[in-house]
Amino acid sequence: MQKNFPDLITLAIETSCDDTSVSVMRGRIVLSNVVSSQVDALKFGGIVPELASRAHQANMVPVVEDALVQAGVKLQDIRLIGVTYGPGLIGSLLVGLNFAKGLAYSLDIPYIGVNHIEAHMLAAFLEKPHPDFPFISLIVSGGHTMLVLAEALGRYRILGETQDDAAGECFDKVARFLNIAPENGSGMSGPMVDVRARLGDPEKIKFPRPLGNSDNFHFSFSGLKTSVLNYSKKQEQWSAQEINDMCASFQEAVVDVLISKSLRACMEHRVGSLVLSGGVAANSRLRDMLNQQAQKSDVRLFIPAKSYCTDNAAMIGLTAYLKHLEGEVSPLDLAPNPSLRLIEQRQK
Ligand SMILES: Nc1ncnc2c1ncn2[C@@H]1O[C@H](COP(=O)(O)OP(=O)(O)OP(=O)(O)O)[C@@H](O)[C@H]1O
Ligand SMILES: [Mg+2]
């Protein structure tokens, strides 16, 4: 990463799931980061892939225009395009990827297909100070929960990952069966548990810490989810305080396991920096407790701003920019890959 193009203008596009996001960057500086959320998901009991891709199609041009206007940048000033090509919903990925290819072709500029999970991990590079390699990365999102040893850009070792549900998925489901999920915003379910947990007692109910004492770095959350479900069925009606206590106790179980495994990974691999990323990194208890515990363990902790933890195009732009510095360009026949894995990145 010796080369540096501080004035290079990158346009980045992220359409892996249900949010259409576009960002414009100058070098590593974010000039705009527009996120257009599809708020109807819960009307249908979750995201409907066909509807998500249609909404991306409708949103794409207005969101690009909005991002350019907010950044004060003209289309002709763009020198690089970054776009998510996996993992995600195939129909959603196709809209963003094809738009990016068409734009790059018409402007005669390079584009780079970006792995969404790698981008979550590198979101910490949007901040100052940013981490240096090597670092341990805890990625906790709606679809992933993994611990990664990041040795260099593009050289990653997955130390462990969830064997069933992702932590974010578990937060969303708990919000649903405690009936606290908002009616018109699927992405707000996890945050609702966070909000209610602040008013509850994390010690009230002893929920299990699955794989908490195992000597590997894997996670498991479906048993915990079932425990909360079974507990919630014990009564017909719960008071607001009892629901707050359930949220706090459930959240504490998740946070406990995430923190103890992450810090152990730092110790065992003798790495002094820990990076937290993905949507669940916005969780206030996880941020606070990890801050405290990392300090005690002498580990330097890097957590991106909340807007860079959940899905956003700025992290895609930053990843594309870092790869551009290393001479990477994607071919026009790059296909979207709904099940792209982190380890499938090129190895240097
Ligand atoms: N404050 C919070 N507390 C707990 N969970 C949260 C919080 N904020 C967001 N989340 C959860 O983060 C998840 C969304 O994160 P993200 O957008 O990174 O996931 P995704 O893009 O759907 O999945 P992936 O990145 O794995 O493909 C949701 O499950 C959401 O409930
Ligand atoms: Mg994501």
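All residue numbers refer to positions in the sequence shown, counting from 1. In listed order, ligands and their atoms are each counted from 1.
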Opening angle between OD1 in Asp311 and NE2 in His120, taken at the Mg ion (ligand 2), to 10 degrees: 100°
Looking at side-chain heavy atoms only, is the closest gap between Arg285 and Pro202 below 4.5 Å? yes
Side chain, backbone, both or neither: Asp311 near ligand 1, heavy atoms under 4.0 Å: both
Closer than 2.8 Å to the Mg ion (ligand 2), do we get an N, O or S atom from His116, backbone or side chain? yes
Taking distance alone, with N or O pairs closer than 3.5 Å, would you say Gly278 contacts ligand 1? no
Should Asp194 be counted as touching ligand 1, given the test is an N or O pair under 3.5 Å? yes
List every atom of ligand 1 that sits less than 4.0 Å from any heavy atom of His120, numbering the atoms from 1 in the order shown and giving each element. 18 (O), 25 (O)
Residues Arg209 and Glu252 bridged, charged N to O under 4.0 Å: no
Greater than 12 external heavy atoms within 6.0 Å of Asn213's CG: no
Considering only heavy atoms of Ala282, which atoms of ligand 1 have at least one such atom less than 4.0 Å away? 1 (N), 8 (N)
Please confirm whether Ser16 approaches ligand 1 to less than 4.0 Å, judged on its heavy atoms. no
CZ (Phe219) and NE2 (His144) are apart, to the nearest 0.5 Å, by 13.5 Å
Ligand-residue contact atoms, ligand 1 with Asp172, heavy atoms, under 4.0 Å: 28 (C), 29 (O), 30 (C), 31 (O)
What distance separates Thr145 OG1 from His218 NE2, expressed to the nearest 0.5 Å? 13.0 Å
Is it true that Glu268 and Lys261 have a side-chain N and a carboxylate O under 4.0 angstrom from each other? no
Crowded around Arg54 CZ? As in, over 12 foreign heavy atoms under 6.0 Å? no
Quiz question: by atom type and distance under 3.5 Å, do the side chains of Ser222 and Asp165 form a donor-acceptor pair? no
Do any nitrogen or oxygen atoms of Gly190 lie less than 3.5 angstrom from nitrogen or oxygen atoms of ligand 1? yes
Counting only nitrogen or oxygen atoms and a 3.5 angstrom limit, does Gly168 reach ligand 1? yes
Counting only nitrogen or oxygen atoms and a 3.5 angstrom limit, does His116 reach ligand 1? yes
For residues Leu301 and Ile303, determine if any side-chain heavy atom of one lies less than 4.5 Å from a side-chain heavy atom of the other. yes
Residue selection (non-hydrogen contact nearest atom 12 (O) of ligand 1) among Ala281, Ala119, Gly279: Gly279
Hey, which atoms in ligand 1 end up nearer than 4.0 Å to a heavy atom of Gly143? 23 (O), 24 (P), 26 (O)
